[in-house]
Protein chains: 2
Amino acid sequence: MLVSTDLRPNETRALAALFRAGALSRAALARDLGLTRSTTGALVLGLTEAGLARERSDEANDEQDGEGRVGRPGILVEIEGNGGFFLGAYIGVNWIATVAVDLAGAQRASASRAFAGPGSTPEAAVAIIRELVAEIRSQLPEGARPYGLNVAVPGFPAADGISYHATILGWHGVNLAELLGNAFRGDFPILLENDANAVAVAETYRAQPGKDDEDALVILIENGVGGGIINAGRLHRGRLGGAGEIGHLRIGDEGFVFDAKRPGRLESYVGKDALLARYLHISGRRAGVDEFVAALAGGDPAAVATARDWALWFGRGLATLACTLQPERIILSGSVNAIYPFVAEQVEAFLLDFLAEGYPVPTVELSRVGADGPALGAACLLHQAALSGDPQFQLRGLAAR
Amino acid sequence: MLVSTDLRPNETRALAALFRAGALSRAALARDLGLTRSTTGALVLGLTEAGLARERSDEANDEQDGEGRVGRPGILVEIEGNGGFFLGAYIGVNWIATVAVDLAGAQRASASRAFAGPGSTPEAAVAIIRELVAEIRSQLPEGARPYGLNVAVPGFPAADGISYHATILGWHGVNLAELLGNAFRGDFPILLENDANAVAVAETYRAQPGKDDEDALVILIENGVGGGIINAGRLHRGRLGGAGEIGHLRIGDEGFVFDAKRPGRLESYVGKDALLARYLHISGRRAGVDEFVAALAGGDPAAVATARDWALWFGRGLATLACTLQPERIILSGSVNAIYPFVAEQVEAFLLDFLAEGYPVPTVELSRVGADGPALGAACLLHQAALSGDPQFQLRGLAAR
DNA sequence: GTAATTTGTTTGGTTGACATACTAATTGAC
DNA sequence: GTCAATTAGTATGTCAACCAAACAAATTAC
């Protein structure tokens, strides 16, 4: 009879090591875990029988470590993706998306639907998520049971620990966790995460094989400016998951769009509305981001001047953040990032000039994940929790009894 | 024969649980670790024989949990402080300090000496540390061997991974780690840490018993403004340990002391020089911090006006940081923090007004650790590493063989 | 072809952790 | 005061995780 059994600590550690490295021979895994080869052999056997690991089939990839390696070559062992699934969702202003990530960290299914956020009720959003989750579950192997669902939302839980505020959706004091819990009663644990935080995870999680201690700052620029902070490979969430609200950074006295209550904020200089207002002020032309970028690419002097102003203030904000957080990489996401390539030189020269001598200068890169970013990152957070041994997402395997 | 043996993972976990809680009965410890009482009994026996834990002697303190607790009361077990020692040092501008922290997290010895930082060589500093370490080791029990030495320094390692820059000491490109390594050749591992980071740890490490996931920001205000960030109980170090350099925060266009290269920085508004320059500008009087605080306490209108300006800009900086990092507590350290009580109301009203509705407002507190802060925090970082199971500081016990 | 090296597996032994059962020490009900 | 109920701590036998040692297998170096 096949029964589901919880994994032993060293089995979880072994999976985490395999995930970090991509694939390892039993001997290399033994060294990584500090166990003997014999123990590791039994460990891998158990994981294989439980359907969580497998020997790598592509023989072509037998060049594990350089050329002159003496001795019998090892057989690479890797994670069996079908060993488990993690669900992520995103409630956006215009749409709702869901994805499934497998035990190997690969995206395996996705589904999305239009959603008129402002004006819709939280209950409507939950109903859509329920249908989309059913849809992606049908794309997964028969009988696959997800370990959990993490929902990225544009907003933050409030200080009372229950209610949830999403000004952009017009929701206030909504107990979204409870609504979702009722919709999926007991099937799996459900978490909420801020959308910018989720994107930050999606951009950095396993960005480079073998590296899991990345220091990065992900900046999301739309109308508002948000961010997510990754420190040593872990999301810096702050007290209630609200760290990274860098749109409120005070970098000047006014702003291109003026806000009497909170003047001089970063997003009033570099957000989408601010950018286009500045362009309107200089050129007299009303444009969208795409038109603005086209004008910029075409050398329109007003667009170039606008971009130069944008870069000046953006550089100020980046310099502040680079000093405060000292990230290795800064990743730009959101529709406004399309103008960055035109001003990269200016911003990076400013950064280099601002930072103290010898201080590491972060690289600035553009987003690599697409529209699924928030949902994908939410799922990756569950994957990370499971492979770190979080008891709430205790991995299980099928074992013969 | 007594031999030194490495601790098993669960023994280290047990010590970490005892440290977090202060003291636990065997049964409570078993629940905490997820082990059975019988296993935990054997675990505690082993730790006791190894000299790392002991039964608490003060019978008075038998009120473990409220009153109406039925059943046989447990015997509290706590960490035996003499089980291990961790050394911390601080190279300051005017003095060098060293402390020893024991396995229970208590400060057990300290020694310091005047040091004319600017103008002295790194070699001179290392020689003083060597003597001070010998001095505090003589205050510890016979035969105690420290697990390591962590040295807090006013500066940062440079991007090349070797050299070390401390502008304030006039040191550039110094390989301090190597100098220290030569001075203590092989006795124990040696680490370096930025001083503001170390202070942040000292302020927050075990600030509240039972809580080890604090989110805090520690701000050090002297001439310059530095900071250390604690996220979920861990130091946020950034790429090279340089996170928290909040003095460079760009909050305005000029500053009370003008810096042509980097105008508008937080420290040019709220640092010591800036404060006193502003007071000079308003009152015509040249004063030190102590005199200024005395004038402020006496109701001197110029001092009150200066403090109000200071509070305005400090509030702007705090608001930026509160949004970016979302700490639960903000702790003020450094000599300038003496003026905070006079403007606390103004700053906190500004914060409350600035932060979004429902956003958690951090508390602002004054430092609780004294002049030993940097050295103490450095030692606490080693203690934390050892109790987290860091292999570099693998705990050992004496066992009969 | 032979030695050296590294991988993976087998075997038997040690020990960490468990389940179970027992004793000890307290509270609360009568 | 006495007796259940409850919780803490310990003893014992069992299981299995891990190790050490030895061996077979597959490669490089000479």
Side-chain angles (χ1 to χ4, degrees), chain A residues 5-15 17-18 21 23-50 53-56 59 61-78 389 397 399-401, chain B residues 5-15 17-18 21 23-50 53-56 59 61-78 389 397 399-401:
Chain A
T5 57
D6 280 4
L7 259 56
R8 302 265 160 199
N10 275 343
E11 292 179 314
T12 305
R13 287 180 60 217
L15 288 177
L18 290 177
L24 290 170
S25 68
R26 290 165 177 83
L29 181 59
R31 285 189 294 268
D32 193 321
L33 298 176
L35 302 174
T36 60
R37 292 201 312 277
S38 53
T39 302
T40 307
L43 208 59
V44 168
L45 185 66
L47 288 173
T48 307
E49 283 176 348
R54 66 177 176 216
E55 295 189 348
R56 172 170 282 185
E59 305 288 348
N61 200 340
D62 55 353
E63 31 172 330
Q64 300 172 39
D65 263 275
E67 276 301 296
R69 277 179 40 76
V70 72
R72 170 179 169 175
I75 307 160
L76 288 180
V77 176
E78 64 183 359
R401 269 288 161 80
Chain B
T5 57
D6 280 4
L7 260 56
R8 301 261 160 202
N10 275 343
E11 292 179 314
T12 304
R13 287 180 60 217
L15 288 177
L18 291 177
L24 290 170
S25 69
R26 290 167 176 81
L29 181 60
R31 286 189 292 268
D32 193 322
L33 298 175
L35 302 175
T36 60
R37 292 202 310 278
S38 51
T39 302
T40 307
L43 208 57
V44 169
L45 185 66
L47 289 173
T48 306
E49 284 176 349
R54 65 178 176 215
E55 295 189 347
R56 173 170 280 185
E59 305 289 346
N61 200 341
D62 55 354
E63 33 173 330
Q64 299 173 40
D65 262 273
E67 275 302 298
R69 277 179 41 78
V70 71
R72 169 178 170 177
I75 306 160
L76 288 180
V77 176
E78 65 183 359
R401 270 288 163 79

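Here is how names work: the chains are called A, B, and so on, in the same order as the sequence lines, proteins then strands, and each is numbered from 1.
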According to a strict under-4.0 Å criterion, is B:Thr36 in side-chain N/O contact with OP1 or OP2 of C:dA17?
no

Just the rounded figure in Å: distance from [atom2] of [N] to [atom1] of [X].
X: A:Leu76; N: C:dT6; atom1: CG; atom2: C1'; value: 14 Å
X: A:Arg8; N: C:dC18; atom1: CZ; atom2: C1'; value: 9 Å
X: A:Asn10; N: C:dA17; atom1: CG; atom2: P; value: 11 Å
X: B:Leu24; N: D:dA8; atom1: CG; atom2: P; value: 11 Å
X: B:Ile75; N: C:dT23; atom1: CD1; atom2: C1'; value: 13 Å
X: A:Arg26; N: D:dA24; atom1: CZ; atom2: C1'; value: 15 Å
X: B:Glu55; N: D:dT10; atom1: CD; atom2: P; value: 7 Å
X: A:Leu33; N: D:dC19; atom1: CG; atom2: C1'; value: 15 Å

How about A:Arg13 and A:Arg8: do any of their side-chain heavy atoms sit closer than 4.5 Å?
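No; the side chains remain at least 4.5 Å from each other.
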
Select base, sugar-phosphate, or nothing to describe what A:Gly34 touches, counting heavy atoms under 4.0 Å on all strands.
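A:Gly34: backbone/sugar contact only, no base atoms under 4.0 Å.
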
Taking all heavy atoms of A:Ala17 and all of A:Leu33, pick out the closest pair and write down the distance.
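Scanning both residues, the minimum pair turns out to be CB-CD2, 4.3 Å.
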
Less than 3.5 Å between a donor and an acceptor, one on the side chain of [X] and one on the base of [N], is that the case here?
X: A:Arg37; N: C:dG8; answer: yes
X: A:Arg72; N: C:dT7; answer: yes
X: B:Ser38; N: C:dA19; answer: yes

Per atom distances to the A:Val70 side chain, the nearest of D:dA8, D:dT28, C:dA17 is D:dT28

Which nucleotide wins on minimum distance to the side chain of A:Thr39, given the candidates D:dC19, D:dT27, D:dG9?
D:dC19

Measuring from atom CD of B:Glu55 to atom CZ of B:Arg26, what distance do you get when rounded to the nearest 0.5 angstrom?
4.5 Å

Can you tell me how far apart OG1 (A:Thr39) and CG (A:Asn10) are? Round to the nearest 0.5 Å.
8.5 Å

Closest-nucleotide ordering on DNA chain D, the 5'-leading residue of A:Leu43 and B:Arg31:
B:Arg31

Under the criterion side chain to side chain contact (heavy atoms under 4.5 Å, CB included), I'd like the reasoning laid out for A:Leu24 against A:Asp32: C-alpha separation, chi angles, the key distance, then a yes or no.
CA-CA 9 Å; A:Leu24 290 170; A:Asp32 193 321; 4.2 Å; yes

